[in-house]
Each structure stands twice: as structure tokens, then as C-alpha cells.
Amino acid sequence: MSAKSSSPPGGPNPTDQANPSRGGRFETGPGEVMERINASIEVDRRLYAHDIAGSKAHAAMLVRQGIISREDGEAIDAGLDKILQQIEKGEFTFRASLEDIHMNIEARLEELIGEAAGRLHTARSRNDQVATDLRMWVRDALDGLDHAVRELQAALITQAEHHAATVMPGLTHLQGAQPVTFGHHLLAYVEMFGRDRGRLADCRRRLNECPLGAGALAGTAFQIDREATARALGFDRPAANSLDAVSDRDFALEFLAAGAIAVVHLSRLAEEIVLWTSERFGFVRLSDAFTTGSSIMPQKRNPDAAELVRAKAGRILGALAGLLAVMKGLPLAYAKDMQEDKAPVFDTADTLTLCLAAMTGMVRDMTVDADAMRAAAAEGFTTATDLADWLVRALGLPFRKAHQITGRLVRMAEEKGCGLADLDLAQMQSVEPAITAELFGVLGVEESVASRTSFGGTAPDNVRRAAAAARERYLR
Ligand code: ARG
């Protein structure tokens, strides 16, 4: 950052008259504190490419409409190209005294091409300009995130195919419930991330209306062609109402909301990885690339990346709550409060991108201890439901009755300190005389998962089919 003011804190800054937005209205520059609270350049400089694209489309339209001359249009266009190059080469000096990316570029354009630069801002305002820039930025972010979520889905589907028949404990209340397959468990996340992609796509569809030409708030008296600029910038149509176009940020809120839900999904998976890699579970081993050591305990392999994904969810949830709070009491139309929209949007895009990359890497590289999973799957009488179901099927008992009998058998096994399958037939018959040896055929965890063939169920054959369907649906 250049242009450090030498004026006393809070006092006027008479040396700086460079900001074109102050025009002839002011006698002195802003106070130092005013400048600091007002400037957004450190944040919104990331909009530079979109700002330049928007300006080029606007200038071309002004020429076509006969609002500015062809020569001026060409000078503006060439100047903007030059500025883009300079920024990308790191040769551009961003100045806080010029507030934001829009004024920084406009001021530089004037240095480059002189007075013609002053014609660019005809029939537009920074209010429609910034709303257009940010929509385009979010649109690109949505496309990038869609791709990143898809990569994660691909990693999950590949692991699910490998582990279609790997039996693990299915938990409710974090307690052994019924055996499931690891592949089935991973495909649950593929569905969640599929819906996340749907939310990103919805957000993209709704945001794709162009504010440019709404002016400060009321539209413009110049004969502009909003259809043309909208089209040139990849929008589906111009935004219908000028007040709405400059003063609503629901596209940013939707982006943050979709991001918040996605990061909650990531955080849940991260939590499971933390559990699975702990020695209590011992189900999963992360690769060295996604594990950290301890500075004191040489034996440690810590799942820091998973823990950080879990924690970074907090930032994104905070970003959503923060921007909702910024917007909630704003009267129409634009207010400077809205300048605070960019930091949470940028941070959410960056955070989500990093979390997705980390999660994709962890999932892709992780190895599974199938024996440990299988052994744990049998703990906690997890085939009790299979036993009850057998009583319904083979003996024709009502399910409630079967539930009660099974409960007594579980208690018996618990007292004897053994599993359900370790009870002998006589012990079983002491609770329900009609039980036959056939019952033992449903008490194994493999038999349990293999029997769950209902649509969407955990049977290995289902999982193979579901993985193929997910590949087709999400990765095609
Ligand atoms: N930097 C401003 C923002 O991000 C641009 C719009 C400024 N408009 C204004 N009327 N001061 O919101």
C-alpha cells in the first residue's frame, strides 16, 4: 500500500485531491481515519479482472449507442487492457486514497489516456459497477467450487467401489446400531455433496442477472443497451429493477448459505475421520501427506487436516451470519454498509476451496483396516434387528412381540458376556420355544448387510450399483 498520509490522526488530509469521486465538491481531502475506514482496496482489488471486463463491455456499448466516440472507446479499451496487464504483472500501485478497485482503475486510466478516461463512467455508477463485478466474481467462484466438490465425490465413489463389501458398524447415538458397508457410508456423503452442487447451481442461476446500467439507483437518461452489456458479460438478462439491482445482496447470501451447508457436510466427514483414525476406532489410516506429528510425542500421527476442516466450518458459518446482520436493516437503495460484503464472500470461497482440496486428498489416500471395522461391527449386538426380523418372517410373530423376545435374548447374552450368536439353541428356546437352528443363519454381520437389499440399502450388491449410478449422475 502506498500513499501513507502524514496528517494527524483524524485530521484533514489537504494533500490528497486525487480521488476523482471527490470532484469539485470538497475543499480538502478526507481525514486519515476517514480514509482508513472508507478504503476497501485491500479487499476488493481481487475484483480487478471482473471490473475491467465490465468496463470494457460498458465502453463498447456506449460507442455502439453513439454515447461516446469510437476514438474515445478505443482509447479506453486499450488503456484497460494495459491496466489489466500491469496488475497481472504486479506493476500496478493500489492506493488507499483512491478507496476501491473502481477508482484505482479509473484514476490509472486517466494517467494513461487522459481526458477520454472521464467518459467511461457515463451512464453508470460505482453502485451498479460493484454489484456487477461481485456477481461475476461469485459466478466464477461457484464454477470453481462445483469442480472441487465433484473431485471430492470422485474420490469418495472410488473408495466406495473398493469397499462395497467392507463391513463396519453403523451407529446411531454413536452406539453400535446395525452393520453397514463402508462403501455405503461413503456414498451417503456423495449424496450430500451432490445436493451441495445443486445449491451452488441454483445460486448461479438466480445470480446471473446483470445490474450494470442501473446507475446509482434510478436508471439513466442515456439511451443505453442493457441487454447488450448483460449478454457481453455472460449474464442471462439485465436485472429488472434498478433499485433492487444496486441494493440487494441475496446472491452473496445464497452463496454463503450454500457454502455453509457444504462446509457442515465437510465438517461431519472430518469429524468421522478424526474418530476413525483414533486408536479407539482404528478403522482408517491417513497418508503421511495428510498427517502431522507431535513436537513431543514421537508416536503421534495427528489428523490435523480433518480437525482444521471441522474448525474452519466456524468461519463460514460466521461469514453467513455476519453478512445477514449487515443487510438486515438497510433501507433501499445502496448504503456503504454493503462494502462489507466482499471479505466474507472471498474468505468463504478461499476456505471452502482449501477444505475441499484437503478432504479430497485425505479421502483419496486413506487406507482402511477392514478387519478392525468388521470386528467392531459385531460388537453391541448389532444383528439384534436381524434376529427380530427372523422371528417375524419365520414364526409369523408381530414385530412388537419379536422386539420383546429379542430384547430378552440380548439381556441373556449380556449377562453371559457373549454375543447373540454365541447363545445355544436351548438357551434361545428358553425364551421362545419355536426358535429353530435356522435363526443362526441371520446373526452374522456379513449376512446382515447382504440381506439389506431394499432400494437405498447397504447390501454390497446395492452399493456396487449405487456407486455406478453415482458415477453416471455426478461424474459424467
Ligand atoms: N467500494 C464500494 C463498495 O464496495 C463501491 C461502491 C461505492 N458506492 C458509493 N456510493 N460510495 O460497495
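As the structure lists them, so they are numbered: ligands from 1, and atoms in each ligand from 1. These numbers come from a predicted model, not from an experiment. The first residue of the sequence shown is numbered 1, and numbering continues consecutively from there.
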Enclosure of R199 CZ (heavy-atom neighbours >12, cutoff 6.0 Å): yes
No-hydrogen, no-angle side-chain donor-acceptor test under 3.5 Å, H102 and D44: no
Set of residues satisfying side chain to side chain donor-acceptor pair (under 3.5 Å) with respect to R205, sequence neighbours excluded: D202
T360 and E151 side chains, donor-acceptor separation under 3.5 Å: no
K56 and D81 ion-paired at < 4.0 Å: yes
Could you tell me, for ligand 1, which of its N or O atoms are under 3.5 Å from any protein N or O, listing the pairs and their distances rounded to 0.1 Å?
| residue | atom | partner | partner atom | Å |
| --- | --- | --- | --- | --- |
| ligand 1 | 1 (N) | D100 | OD2 | 2.9 |
| ligand 1 | 1 (N) | Q339 | OE1 | 2.7 |
| ligand 1 | 4 (O) | K342 | NZ | 2.5 |
| ligand 1 | 8 (N) | N127 | OD1 | 2.8 |
| ligand 1 | 10 (N) | N127 | OD1 | 3.0 |
| ligand 1 | 12 (O) | Y334 | OH | 2.4 |

Donor-acceptor pair between Q153 and Y189 side chains, under 3.5 angstrom: no
